[in-house]
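Since the structure comes first, as structure tokens, the remarks are kept for the end.
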Amino acid sequence: MEPHSWTIHEARERLDNGRITATGLTRSVLARIEAVEPRVAAFNTVCADMALEQAAAADRRLQAGERGGLLGIPLALKDNMITQGVATTCSSRILKNFVPPADGAMAARFKEQGAINLGKTNLDEFAMGSSTENSATQITRNPWNLERAPGGSSGGAAACVAADMALAALGSDTGGSIRQPAALCGVVGLKPTYGRVSRYGLVAFASSLDQIGPITKDVADAAIVLGAIAGRDPLDATSSARPVPDYSRGLKDGIKGLRIGVPREYFIDGMDAPVADAVRAAIDTLKGLGATVREISLPHTRYAVATYYLVATAEASSNLGRYDGVRYGHRAMDARDLLEMYMATRDQGFGPEVKRRIMLGTYALSAGYYDAYYKKAQQARTLILKDFTDAFGQVDVIATPTSPTGAFRLGERTADPLQMYLSDIFTISINLAGLPGMSQPCGVDGNGMPVGLQLIGKAFDEATMLRAGWAFEQATAFHKAKPSL
Ligand code: GLN
């Protein structure tokens, strides 16, 4: 196996015992990018020179005896996490030439730990979408079938990990944007509990929902990366001070007696039958490993999509107010006065989906409609959280499909925003409730495309979710399948 196809834990062992250098590993990954990126188009920016400099620095640290963590591991960042001196575009025309003067929390952690930053991956503009087709930069393709979408909004991150163009990547998840593309690209995607990972330097979409997390080749790697990025950050007031457990240590403890809940509302009419079958088979596998499985109910699930698209758009309309042509990015040059400049800048800079969300959110927040829409949505959000609290009185982990279908064709859903919104029907409740969720490969659909199993944990109990996911992986081989590119 070539180094670019290693997992982090495989690379870790070889870096620590000197069988490969960080430079050798990084060169292998850069060569892989050169070979397959022209077909996949996962990256907005590849930082080859910077990566090799960082690899040389990591090698010096390894020579000095430092070991473990992310030291010497080549990784990619979604292009909505700011990086000093490297363009951070959010795949939007409005930030096309924006080069941040400082690192956000994730780029800073990479440097502290000696990880190698390969570059910035494509996304739906400002992370709004489920296919990465809302990007203003390029169309990313699913490595399993280049005519199909990689999912979104972290489609570039999921595609680059699936295609072995990074050992792992960081994505952000507001309503499913780590888990859904991970499912569609056949890799592992973990959205941590709200507050587990710092959002400092993550360009805000919907601040009460956004969370950064790992996209990896297997569950053991998800545990490693989560441990490396989690924890309190004084620069993000919503980050939690709870101690970060050693997520790798508990992985092998087994799942005898683990109580798994399967919500009846997550197997719905209109969902793809092979997807439902694969997920049910995965749940049987977990049962075979000693877990007890019971049906549960999350009765307010049917309000989740509507609730999410009010809360998320309201917060987005406020967060995106800062792109005014004065402080960041693009400015329209031909305006006669300030108001005209604002309007022309935003008209030229934002794509149609972002405009749609700003209008929806502004409407939901406006005087006279606030009670009917925004306040109602907040009340529904509380009921959705209460469903989970009640369920977690009886079970330790919840198992569901990640997405109702496998990867769809490029262009298939772009004409109908509502169709696109339904891609997230199984992921958004978890953001509304602030809980951790993880998708991992568990089969294929009728088109041979990967299917994702979603495990949902109690707040701040990523460890149990990871333990269940790891046990599943040991009993199966779905995570080992690779696309042929
Ligand atoms: N697809 C959902 C949306 O369009 C979720 C996106 C996300 O998690 N960033 O809003």
Side-chain angles (χ1 to χ4, degrees), residues 4-5 28-51 74-81 83 86-98 117-172 177-178 180-187 189 203 215 217 351-354 406-414 420 423 447 449-450 482-485:
H4 62 245
S5 56
S28 168
V29 176
L30 289 171
R32 176 69 176 174
I33 293 174
E34 217 164 282
V36 301
E37 171 65 1
R39 278 171 286 155
V40 178
F43 284 91
N44 285 344
T45 311
V46 176
C47 309
D49 294 341
M50 188 182 86
L75 303 170
L77 280 179
K78 185 176 180 178
D79 203 13
N80 61 351
M81 298 177 208
T83 37
V86 179
T88 298
T89 70
C90 292
S91 293
S92 178
R93 281 192 302 276
I94 213 156
L95 286 176
K96 194 172 169 208
N97 299 314
F98 176 57
N117 187 353
L118 295 161
K120 310 295 290 292
T121 57
N122 194 20
L123 62 149
D124 286 296
E125 183 176 5
F126 285 103
M128 297 177 187
S130 309
S131 68
T132 313
E133 291 164 294
N134 294 331
S135 167
T137 64
Q138 61 194 335
I139 297 295
T140 296
R141 290 164 187 277
N142 192 310
W144 290 89
N145 179 334
L146 300 175
E147 302 308 312
R148 291 183 183 266
S153 66
S154 312
C160 95
V161 175
D164 285 331
M165 292 193 281
L167 271 64
L170 295 185
S172 66
S177 277
I178 289 174
Q180 185 260 15
L184 271 48
C185 290
V187 291
V203 176
I215 296 180
K217 297 180 189 179
E353 182 61 26
V354 174
F408 40 92
R409 275 198 195 78
L410 287 164
E412 190 178 316
R413 295 190 186 174
T414 43
M420 192 70 91
S423 312
N447 304 307
M449 300 302 287
K482 300 249 187 204
S484 58
L485 273 165

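Along the sequence shown, residues carry numbers from 1. Side chains included, hydrogens not; waters and symmetry mates left out as well; all remaining heavy atoms used.
- Applying the salt bridge (charged side-chain N to carboxylate O under 4.0 Å, His left out) test to pairs two or more places apart or on separate chains, none has a residue in residues 126-155.
- With contacts defined as side-chain heavy-atom distances shorter than 4.5 Å, the pair Ile215/Ile178 qualifies.
- Take Asp124 and apply the salt bridge (charged side-chain N to carboxylate O under 4.0 Å, His left out) test, not counting sequence neighbours, and it matches no residue.
- Under the rule for a side-chain contact (heavy atoms from CB on, under 4.5 Å), Glu34 has no partner lying at least two apart in sequence or in another chain.
- In this structure, the side chain of Asn447 does not engage the main chain of Met449 through any donor-acceptor pair within 3.5 Å.
- Residues passing the ring-ring contact (aromatic ring centres under 6.0 Å, His included) test with Phe98, sequence neighbours excluded: Tyr328.
- Every residue two or more places apart in sequence or in another chain that forms a salt bridge (charged side-chain N to carboxylate O under 4.0 Å, His left out) with Lys482 is listed here: Asp164.
- Across all non-hydrogen atoms, the minimal contact from Val29 to Pro74 is CG2-CG, 4.1 Å.
- Closest of all the heavy-atom pairs between Pro181 and Gly151 is CB-C, 3.9 Å.
- A donor-acceptor pair is defined here as one N or O able to donate and one able to accept, closer than 3.5 Å; no such pair exists between the side chain of Lys120 and the backbone of Cys47.
- Judged as a side-chain contact (heavy atoms from CB on, under 4.5 Å), and not counting sequence neighbours, the contacts of Ala166 are Ala76, Leu118, Cys160.
- When all heavy atoms of Ala149 and Leu410 are compared, the closest pair comes out as CA-CD2, 3.7 Å.
- Going from atom CD1 of Ile94 over to atom CZ of Phe126 covers 6.5 Å, rounded to the nearest 0.5 Å.
- With sequence neighbours excluded, no residue forms a salt bridge (charged side-chain N to carboxylate O under 4.0 Å, His left out) with Glu37.
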> Does the pair Trp144 and Leu184 meet the rule for a side-chain contact (heavy atoms from CB on, under 4.5 Å), with working shown?
Replying inline: CA-CA 9 Å; Trp144 290 89; Leu184 271 48; over 6 Å; no
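- In terms of the side chain to side chain donor-acceptor pair (under 3.5 Å) criterion, residue partners of Thr140 (sequence neighbours excluded) are, by chain and number, Asn122.
- With sequence neighbours excluded, the residues satisfying side chain to side chain donor-acceptor pair (under 3.5 Å) with Ser154 are Lys78.
- In this structure, Ser28 contributes its side chain and His4 its backbone to a donor-acceptor pair below 3.5 Å.
- Of the N and O atoms on the side chains of Asn117 and Thr83, not one donor lies less than 3.5 Å from an acceptor on the other residue.
- Listed for the Gln180 side chain is a donor-acceptor partner under 3.5 Å among the backbone atoms of Gly152.
- For the side chain to side chain donor-acceptor pair (under 3.5 Å) test, residues two or more places apart in sequence or in another chain that qualify with Ser423 are Arg413.
- In this structure a side-chain-to-backbone donor-acceptor pair under 3.5 Å is missing from Thr132 to Leu123.
- Not one N or O on the side chain of Asp79 forms a donor-acceptor pair closer than 3.5 Å with the backbone of Ser91.
- Here Gln138 pairs with Asn44 under the side chain to side chain donor-acceptor pair (under 3.5 Å) rule; sequence neighbours left out.
- With sequence neighbours excluded, the residues satisfying side-chain contact (heavy atoms from CB on, under 4.5 Å) with Pro143 are Val40, Ala159, Ala162, Ala163, Cys185, Pro483, Leu485.
- Tested against Asn80 for a side chain to side chain contact (heavy atoms under 4.5 Å, CB included), the candidates Ser177, Ser153, Ser172 yield a single pass: Ser172.
- Closest of all the heavy-atom pairs between Glu125 and Ser92 is OE2-OG, 2.6 Å.
- Here the OG atom belonging to Ser131 is positioned 10.5 Å from the CD atom belonging to Glu412, to the nearest 0.5 angstrom.
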